[in-house]
Every structure is written in C-alpha cells, then in structure tokens.
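Just so it is clear, the values below take in all heavy atoms, side chains as well, and ignore hydrogens, waters and symmetry mates. Bear in mind that the values here come from a model prediction, so they are computed numbers and not experimental data.
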Amino acid sequence: MHAKATACANIALVKYWGKRDAALNLPAAPSVSLTLEALTTTAEVTFVSDGADFLAINGEPASAAATARVSRWLDLVRARAGIDHRAHIATTANFPVASGLASSASAFAALAVASARAAGLDLEDGELSALARRGSGSAARSIFGGVVKMDAGERKDGTDAIATQVIDREAARAWGLRMVIAVVGGGATKAIGSTEAMERTRDTSPYYEAFTRAAGADTEAMVAAIHARDLHAVGRIAEASALAMHASAMAARPGILYFQPPTVALIARVRTLREAGISAYFTIDAGPHVKVLTTAADAAEVAAAMAAIDGVSAVMVSEPGGPARILE
Ligand code: PMV
C-alpha cells in the first residue's frame, strides 16, 4: 500500500479563474495550459492501518490547514477503494510552493497518481484527472503532458468537466516551445489563495462575467492557434487572458492585486523584447511572478533580459513537460 509518483506543474495560457461548483471544484469556464518539465513535485503515499493522516511538504510537517485539505481529499480515494486506512504522505517540490508557481497543480496530480496506486485502484487518465481536480482545479491539467485543455462542462456532477491533451510533449518540443519563469521576491507565500480569490471575484467583481465569457472564446481560438503552430496568436491570446483574469480580480471588493513593481517592469520588458523581434509573451498567475512563453531560439536572450530586472530573484527556463507518472 505504498507508491511514489511525479507530476509537472502547468501554466495556463487561457486562465481558469472562477468555479461553477465550489464543493466539486468545477470550473466556470474552460482553460488551456502548458505542462512544464522544469517544475515538478514528487508525492510518496503509504497507507497504514492506524494513527492519523500525516503530511510533510519538502521534509517539514505541513500546517494543520494543509493537512486537513489533503485529508479531506484523500477521503475520496479511500471511499472509492473501500478502505479506511490513514496515510503518510510526503511531497517534495523542486520550486517555491504556494506562491503562484502552480505548486498545487503538480502536487495534487502527483498525489492522485500515487494514492490511487497505493490504494490498489486502477484508474484511467481521465479518472485521475477528475480526482486531481477535486484537490486543485488546475491539477486536472497536470495529469497530461504537452498542451492541455480543461472543459468546464455543464453537468451538475461534473462528469463532463474533463481535461484532454491538445498536443503531446514531443509535438510541443518539436515546435520549440519554451517557458521562462521569472521569480519575483524570492517566492514568498501568496497573500490570498486562489480559491478564496476566485470566490471573491465571482461574488463581487463587476468584470467576472465578462472574463468568464471571454475564456470560452479564448479557449477555442487558443486550441486553433496551437494546432496551427501560430506562436504569435498563442501569445496574444495568452496575454489577453492573463490581463483579463487580473482585471477581474482587481475589480473585486476589496480588490485583489497580485502584481508587485517587478511584475509590471517584467511585462514592459517583454513588450520591448517583442518590438526588437524576439518571440516573447507574458502570463501571470495568483502571484507576482511572470512566465514568458518563447522559443528555443530566443529563450536564452529572454532569460537574460528577465534576470536583469530589479527584484527578480531567480529565472528558470523550461521545456514542455510530460504526463504524471508512477516512480515506484
Ligand atoms: O488550481 P488553483 O485553484 O490553484 O487555481 C489556479 C488559478 C491560476 O493559476 C491563476 C490559473 C490557472 O488556470 O492555472
């Protein structure tokens, strides 16, 4: 009753920002993401016959809140497997957690694969993705490699809110996609978590519905641009989706602002790079960091330009990543 799995983080090119069902973690609109090889989480799960659930993150016992969240999620696995064992869980990320670098996506994807195996369940990718989604909406996408689409669906039970692959890792690599991640301010813990921020945006932002409507059209256009290997169209839609997501969050009451001064400086630099003929398109999640979509040919120049911005503490370059998988 033990298994170890690994999963890559993913960064959305069309953002998920808002739930149609908070209990089932169903998105209000579809999204599209790129899975990233350089940002990974491994999860080790051992079911034991007594005691309590125990969670360690990067070698340290997790907070009571984090442990309770994983414990509630594990109840889904236990119910499905017909067991009531407690679990010892250790997750290890190779990048800063809970700071807007998509750590919950890679963590819950790795946890879904490891805990299903440890519980003796033989689940298909779609089922693993639905399980991961219950832990974190974006985690549904990290089960798959390459470029991934998440549908919002319409059914109340969420069985049509599923993630599917658009192109696989090899196709994304052959195209030459790269993502440069500029970490702002040392990767400090984010001010407000994505779930609370999404709920507040939905409940109070006059721009929430506009964002949700745009996400549907953006997803269709994004998938077409991916199939056409049209990086300029992909980048244009990605920037628009990220700014629309942040605009809707900023317009919540009280307003939610993830940007810090280096965030804005990075956006401006991406634009001047582009004017100079470099392929570079920004996106930003629930944190101050800026991720830049670029090509293998331009990645080194983009990374150097990002590293030169005041307040940037680290820069990583990632290739497209593969699917979540069992390690042992
Ligand atoms: O999966 P969550 O609940 O952490 O939400 C992720 C939200 C964003 O990262 C901001 C956007 C996205 O689609 O990943």
Side-chain angles (χ1 to χ4, degrees), residues 1-12 16 25 33-47 53-63 66-78 80-81 85-146 148 150 162-163 165 168-169 181 187 194 285 316 318-328:
M1 300 198 85
H2 167 89
K4 189 171 176 181
T6 185
C8 299
N10 71 77
I11 297 297
Y16 150 54
N25 229 4
S33 61
L34 178 65
T35 302
L36 296 184
E37 185 75 14
L39 307 184
T40 61
T41 299
T42 59
E44 207 167 348
V45 177
T46 311
F47 284 107
D53 286 333
F54 176 77
L55 171 66
I57 300 177
N58 292 339
E60 301 284 333
S63 67
T67 305
R69 177 179 177 187
V70 170
S71 203
R72 274 195 308 274
W73 174 84
L74 263 181
D75 288 342
L76 301 168
V77 179
R78 287 188 274 249
R80 190 148 178 175
H85 291 58
R86 299 298 98 188
H88 291 175
I89 301 165
T91 66
T92 312
N94 69 346
F95 60 96
V97 301
S99 68
L101 280 177
S103 57
S104 66
S106 52
F108 276 104
L111 276 170
V113 172
S115 56
R117 173 66 67 94
L121 293 169
D122 187 17
L123 302 185
E124 288 171 3
D125 285 350
E127 295 172 297
L128 289 168
S129 173
L131 183 59
R133 185 201 79 227
R134 296 291 294 272
S136 170
S138 55
R141 301 183 308 234
S142 270
I143 294 295
F144 302 96
V148 182
M150 173 81 195
I162 51 168
Q165 189 170 64
D168 66 14
R169 166 175 52 183
I181 299 126
S194 55
D285 294 287
M316 296 173 267
S318 184
E319 296 201 12
R325 63 193 168 85
I326 285 285
L327 293 176
E328 58 188 55

Short side-chain donor-acceptor distance under 3.5 Å, Ser104 and Ser136: yes
Main-chain N/O of Arg133 paired to Asn25 side chain as donor or acceptor, under 3.5 Å: yes
Main-chain N/O of Ile57 paired with Glu60 side-chain donor or acceptor, under 3.5 Å: no
Side chain to side chain contact (heavy atoms under 4.5 Å, CB included) evaluation trace for Arg117 with Met1: CA-CA 8 Å; Arg117 173 66 67 94; Met1 300 198 85; over 6 Å; no
Nearest heavy-atom neighbours spanning Ala109 and Ala132: CA-CB, 4.1 Å
Gap separating the NZ atom of Lys4 from the CG atom of Leu327, nearest 0.5 angstrom: 6.5 Å
Side-chain touch Phe47/His88, heavy atoms, less than 4.5 angstrom: no
Stepwise side chain to side chain donor-acceptor pair (under 3.5 Å) check, Thr6 with Thr42: CA-CA 4 Å; Thr6 185; Thr42 59; 5.8 Å; no
Thr35 side chain vs Phe144 backbone, donor-acceptor pair below 3.5 Å: yes
Donor-acceptor pair, side chain of Ser115 and main chain of Leu111, under 3.5 angstrom: yes
Shortest non-hydrogen separation from Val148 to Ala163 and the atoms involved: CG1-CB, 4.1 Å
Point-to-point distance, once rounded to the nearest 0.5 Å, from CG of Asn94 to OG of Ser106: 8.0 Å
Steps toward side chain to side chain contact (heavy atoms under 4.5 Å, CB included) verdict (Leu39, Met316): CA-CA 9 Å; Leu39 307 184; Met316 296 173 267; 3.6 Å; yes
Sidechain-backbone polar pair: Arg69 side chain, Gly135 backbone, donor-acceptor under 3.5 Å: yes
Glu44 side chain near Ile89 side chain, heavy-atom distance below 4.5 Å: no
Ion pair Glu319/Arg169, N-O distance below 4.0 Å: no
Main-chain N/O of Ala93 paired with Asn58 side-chain donor or acceptor, under 3.5 Å: yes
Criterion side chain to side chain contact (heavy atoms under 4.5 Å, CB included) on Leu123 and Arg80, from CA distance to verdict: CA-CA 11 Å; Leu123 302 185; Arg80 190 148 178 175; 3.6 Å; yes
Side-chain donor/acceptor of Ser142 to backbone N/O of Cys8, under 3.5 Å: yes
Minimum side-chain heavy-atom gap Phe108-Val70 below 4.5 Å: yes
Where Ser318 and Ala38 come nearest, the two heavy atoms and their spacing: OG-N, 2.9 Å
Donor-acceptor under 3.5 Å (Gln165 side chain, Gly145 main chain): yes
Exercise: identify the closest heavy-atom pair between Ala105 and Ala139: O-CB, 3.4 Å
Minimum-distance pair of heavy atoms, taken over all atoms of Ser63 and Ala66: OG-N, 3.1 Å
Asn10 (side chain) donor-acceptor with Ser33 (main chain) under 3.5 angstrom: no
Close side-chain approach of Leu74 and Arg78, heavy atoms under 4.5 Å: yes
Verdict with reasoning, Ile11 to Leu34, per side chain to side chain contact (heavy atoms under 4.5 Å, CB included): CA-CA 5 Å; Ile11 297 297; Leu34 178 65; 5.5 Å; no
Note: Asp53-Arg72 ion pair, threshold 4.0 Å (strictly below): no
Whether Trp73 side chain and Leu131 backbone form a donor-acceptor pair below 3.5 Å: yes
Straight-line distance of Ser71 OG to Arg86 CZ, nearest 0.5 Å: 6.0 Å
Heavy-atom closest pair, residues Ala118 and Val45: CB-O, 3.8 Å
Interatomic spacing from CZ in Arg141 to OG in Ser129 - rounded to 0.5 Å: 10.0 Å
